[in-house]
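Structure first, commentary second.
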Amino acid sequence: MTWTRRHILDLDDFSREEIETVLETAGAMKEVLTRPVPKVPTLRGKRVVTLFYEPSTRTRSSFDLAAKTLSAEVVGIAAQTSSVTKGESLLDTIRTLEALGADAIVIRHPESGVPYLAARFSRASIINAGDGAHAHPTQALLDIFTLKERLGRIDGLRVVILGDILHSRVARSNIWGLGKTGARVVLCGPPTLLPPLFAQAYPGVEVEGNLERALEGADAVMALRLQRERFQDALLPSLNEYVGLYQLTPQRLALARAGAPVLHPGPMNEGVEIDPEVAQGPQSAVLDQVANGVAVRMALLYLLLGGAR
Ligand code: CP
């Protein structure tokens, strides 16, 4: 297909063909990463800025590595140490980065919608690296890539997303991405973290409050961290009760299909949403997800800035 998309904001408006193009391109990029010298000149002369208003380990470092592997120039800006602290507006920051020659701006922000605002006013490509509880499209793409790598397909898979769905941008982008590529998504969590309205908001998605029923025969499970920094109210009677009812334990995982991969976007709180034995066990795909994040982000940078257009 001919790639025409200029920004990556979420997967809701991606076609299945576009997602498959990203996955295929990421496969080729993964081969580059296995070379003795993992570096290609594809994006020489291009400038990528990572602009993070929230902490990050995986997303920021993998965009950095992805851009460097493609020989782009990379500048990293953390809002806490930038002129944002002196009152500079988002749009002035974006204009400043453009004036410095940015071809792509990778932005993470605690407010939902900020990358959309940036894209309206930016000549540079905007990549959403997570906006509030709304979307994290590059994470969903690497999750789908990892699942396909492990299971050979996405079509027809029953994927359980478990935990703090309410605050999860990862869950929302995966609902779109997995749905478009043919998976059945089952959301599971306590009612305060999984409002029943989700079933209406996302047609085709199942909502199941009972973890044992959700896991029965599942092809894959994605556990999510409790994002207590985003809690506005006391949403859980107690952490112990949550752990007792919703932690992904070896006994519960045994209800899923044999060998079902376990995903987690990270950072993990082992002992809370996931038992350490599961997090570190043979079914865990967590480190594959991290490694695949570089290949998927290389693919996206290549498609947005490279010779594909
Ligand atoms: N999955 C994810 O977004 O991780 P970071 O917050 O470390 O980037």
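Everything numeric in this text was worked out from a predicted model, so none of it was measured. For ligands, and for the atoms within them, numbers begin at 1 and follow the listed sequence.
Using a heavy-atom distance under 4.0 Å as the criterion, the protein contacts of ligand 1 are Ser56, Thr57, Arg58, Thr59, Arg108, His136, Gln139, Pro265, Gly266.
Identified under the ring-ring contact (aromatic ring centres under 6.0 Å, His included) test for residues 138-166, with sequence neighbours left out: none.
In this structure Ala199 satisfies the side chain to side chain contact (heavy atoms under 4.5 Å, CB included) test together with Val207, sequence neighbours excluded. Listed by chain and number, the residues in a side chain to side chain donor-acceptor pair (under 3.5 Å) with Glu241 amount to none (sequence neighbours excluded).
Under the 30°/60° scheme for interplanar angles, the aromatic rings of Trp176 and Tyr202 are found to stand perpendicular.
Remark: Arg108 fails to qualify as a cation-pi partner of Tyr53 under the 6.0 Å distance and 45° angle criteria applied to the six-membered ring.
Here the side chains of Gln227 and Leu166 are not in contact, with every heavy-atom distance at 4.5 Å or above.
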